Amino acid sequence: MSEKKTGGQIIWESLMREGVKVVFGIPGGANMPAYDDLMKHEYPIHHVLATHEQGASHMADGYARATGKVGVCIATSGPGATNLMTGLATANMDSVPIVAFTGQVPTSLLGRDGFQEADIQGVSLAITKHNYLITDIHDLPGAIKEAFFIAGTGRPGPVLIDICKDVLQDSMEFEYPETVDLPGYHPNQNAPDPASVARAARLLNEAERPLIVAGNGVIIAEAEKELRQLAEKANIPVATSLLGIGSFPATHPLSISWGGMHGEAYCNYALQECDVMFAIGARLDDRLTGVFDTFAPKAKIIHVDLDPSEMGKNITINTPIVGDARLTLQNLLPQVDSNEHPTWLAQIDEWKQETGDRDILAQETDDLIAPYIMQQLWHATDQGNATVVSDVGQHQMWEAQYYRHTKPRSLLTSGGLGTMGYGLPAAIGAQMGEPEEPVWVVAGDGGFQMTMAELSTVAQEKLPIKIMIINNGFLGMVRQWQDVFYNQRYAATPLFNPDFVKLAAAYGIPGRVVTRKEDVYEAIKEAQATDGAYLLEFQVEEFTNVYPMVGPGRSNADMIRRPFAESEE
Amino acid sequence: MKKHTMIAWMEDKPGVLNRVASLFRRRNFNIESLAVGHSEKAGISRMTFVAEGNARDMSQIQTQLYKLINVTAVQDVTAVPTVDRELALIKVKASNGSRAEVMQLVDIYRASIIDVDMETVIIQAVGSESRVDSLVELLSHFGIVEMVRTGKVAMVRGSHDRAAKQKTAVAAYKNGQ
């Protein structure tokens, strides 16, 4: 007979059995019994106190993306739980495994509008992979076991467990279940259909202008080696989605960078001109495709995804393959012939050359601009040997364009939901998960201010995170749209900013302002040479825009390109 | 745009109907009718629903529904032989002058009168949707006071076992069809 444990103890004991070493959260009225148990019983789990629950959820997300393990966050009922929601929605869109625990009012108060009561199961329904409301302690161990299984398998995602306060205080004889019984969830049946794989191989073998589009699914399935084998065997150029960055080395000769709204122009030309597209682990969302029915008009599209609901969701496809990315590639590889595609690759080179000629870094300017900073960051981090956590906006696009990622999980960014404020807290999670890895935050002045309160978490945990603020004094991406589509009426986009360096100093974090191009590299080196955290504020040219730009309702072929230098004068 | 009849099997747990309804709403699926009840298996509920849309919509409805952890299987039975029935209770004005005529219609439709008072009768009708529609249309001339319809329930004809059918249904998504 096993010993009686409280609901609070059961949480920590279960987390230990799931191998959890670190959790991110904030205590409050409804989850206090669990926090009390953590201290009382000295469980060997490190609790990181976030400043705001949104921060805690992004930390769990950053931890999960950096390590591939399930991230865990904790909040109290009501406002604590609603504050978590942005982070869960972010994780849900980008298939990030998280288990979130929220406190709930005692069962006797459920549905009576008790103090700090919010229907979190209802609120989180549409932004989680699954969720639970626990009103009986006997359901708790099974729910935790299921939550970790559901979050981490198949297409990963966040799972929330809402637990009534009296359940945390109740006790039972605890045994952690060894198996789950989920009759409607079979994530391990993920071998692709052999006939579909054979058909894909035939299409690729017959293609004259084949193209691979690799997404986040390749990273989740750890299929980057197989992806590279496929590309090299048949000489197929590889584009990625924004979240697929890192699945294929950007420095590889077959890499054609990433495509879509602000992807490289030559990549977009290739997307539109290919005759067979092999899209793997990418959900072909509107930022990548432009207007759906204009996407890759000449291509027979093979779409590999673990999630059958992605088949034909946005784009009409020729060959659907439902399966794990790595298994599919392993089955496909022997059936794909070696190939050269010299004409196609030469055509892409020509586009690449033209794109390079129009690049902002090919234009002579003394202005301090973000693309230059990203390029210097790449050099300063031994050519991509760091984890970069970007926020959302113009700087995010420039980071993705100019920092050439060579390994999976080296770019963490909110792609699907586009959550401003993601960067700093996600970097905290990433650094907690990978203590030895150099972690850089690249944020805009707008997004940084949304969650900058987490500087206290950086200081409290003594994390050596290097923070880079690309300060252009605007909500830059919105300002860019106002430039292009709203007659330069800058409605509510100019920002009143604090002195970021003084702000960092208030937390004991050193920093400096950079205004000149010639100081960039040396400033980055200084940040690297500093033990602990460091903040760099780059005051960049205010009106630089991100190009190319596929406007709303446009095709990828219809990009707005960067004007040539002479026409910019 | 075509109407499709689908059957979904799901765990009988609190909140599952909410999950399904929320999914229909947020994915913008057009659901015409929906009926849920117990299935032959303890702990598993069975839902029949009618949805309208093109092939892409139908594939999305099935695959998105199947993604819900508590949904165990989904099958589009539009193209297979099925028996489908709907039950309606219709309260119709029937005074001395018209009661005989109402009863005659009830007979023709093999419906039944299950309650009578001086002013109205309650008719119970069971049949295919179109048959119930046609009775309702005729009865509307007498004045329908109140009506409730269950929505269609459907079952595939023949002796195939359900487990095999569910397997086929799941395999259909795996091929992305």
Side-chain angles (χ1 to χ4, degrees), chain A residues 119 121-136 139 146-147 149-151 153-155 157 159 162 180-187 189-196 199 292 301-323, chain B residues 7-29 39-47 53-76 162-163 166-177:
Chain A
D119 168 21
Q121 198 184 24
V123 171
S124 64
L125 193 69
I127 52 168
T128 50
K129 186 172 173 185
H130 196 55
N131 62 17
Y132 296 85
L133 169 64
I134 306 298
T135 56
D136 180 339
D139 296 335
E146 286 180 12
F149 181 67
I150 292 169
T153 57
R155 180 176 179 170
V159 178
D162 196 28
V180 294
D181 176 26
L182 294 164
Y185 183 66
H186 306 286
Q189 297 172 0
N190 52 15
D193 168 40
S196 304
R199 180 168 163 172
F292 292 142
I301 300 177
I302 303 155
H303 193 184
V304 183
D305 205 294
L306 191 58
D307 179 353
S309 75
E310 292 302 340
M311 298 297 139
K313 185 178 79 179
N314 293 343
I315 301 293
T316 306
I317 47 178
N318 175 286
T319 304
I321 301 178
V322 176
Chain B
I7 303 172
W9 290 264
M10 54 200 69
E11 290 180 87
D12 181 12
K13 285 187 172 171
V16 174
L17 191 58
N18 185 17
R19 290 179 199 278
V20 172
S22 163
L23 176 78
F24 287 159
R25 175 192 54 75
R26 71 175 183 271
R27 295 278 175 190
N28 206 15
F29 296 148
S39 72
E40 77 285 359
K41 197 174 167 193
I44 298 287
S45 306
R46 174 175 173 141
M47 172 186 284
N54 57 27
R56 179 239 170 232
D57 300 331
M58 291 311 121
S59 150
Q60 276 294 295
I61 286 182
Q62 291 175 77
T63 53
Q64 295 290 355
L65 203 51
Y66 188 60
K67 265 170 79 172
L68 295 179
I69 305 294
N70 301 120
V71 171
T72 57
V74 191
Q75 192 182 7
D76 185 340
R162 188 174 67 89
Q166 289 192 26
K167 230 174 192 167
T168 328
V170 175
Y173 324 120
K174 295 212 91 177
N175 297 327
Q177 301 305 324

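In this text, all values refer to a predicted model and were calculated from it rather than measured experimentally.
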message = If I measure from the heavy atoms of chain A, does B:Gln64 come under 4.5 Å with its side chain, its backbone, both, or neither?
response = both
Side chain proximity check, B:Arg56 to A:Thr316, heavy atoms < 4.5 angstrom =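 In short, these two side chains do not touch, never coming nearer than 4.5 Å.
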task = Against chain A, work out which of B:Lys13, B:Met10, B:Gln60 has the most heavy-atom pairs shorter than 4.5 Å and name it.
result =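 Maximum pair count with chain A is reached by B:Gln60.
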remark   = If you tally heavy-atom pairs under 4.5 Å between each of B:Asp57, B:Val71, B:Asn70, B:Ile69 and chain A, the highest tally belongs to B:Ile69
ask   = Is the backbone N or O of A:Gly184 less than 3.5 Å from a side-chain atom of B:Glu11, with the two atoms forming a donor-acceptor pair by type?
value = no
Heavy-atom pair count under 4.5 Å with chain B, highest-scoring of A:Thr319, A:Ile150, A:Asp305 =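 Counting heavy-atom pairs under 4.5 Å, the top option is A:Ile150.
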Criterion side-chain contact (heavy atoms from CB on, under 4.5 Å) against A:Ser309, the qualifying member of B:Leu65, B:Thr63, B:Ile61 = B:Thr63
message = Taking side chain as everything from C-beta outward and backbone as N, CA, C, O, which of these in A:Asn131 sits under 4.5 Å from a heavy atom of chain B? Side chain, backbone, both or neither.
response =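 Looking at A:Asn131, backbone and side chain both touch chain B.
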request  = Report the distance from atom CG of B:Leu68 to atom NZ of A:Lys129, rounding to the nearest 0.5 Å.
outcome  = 12.0 Å
task = Output the residues of residues 16-26 of chain B for which the shortest heavy-atom distance to chain A is under 4.5 Å, in residue-number order; output 'none' if no such residue exists.
result =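 Against chain A, the residues of residues 16-26 of chain B that fall inside the cut-off (heavy atoms, under 4.5 Å) are B:Asn18, B:Arg19, B:Ser22, B:Arg26.
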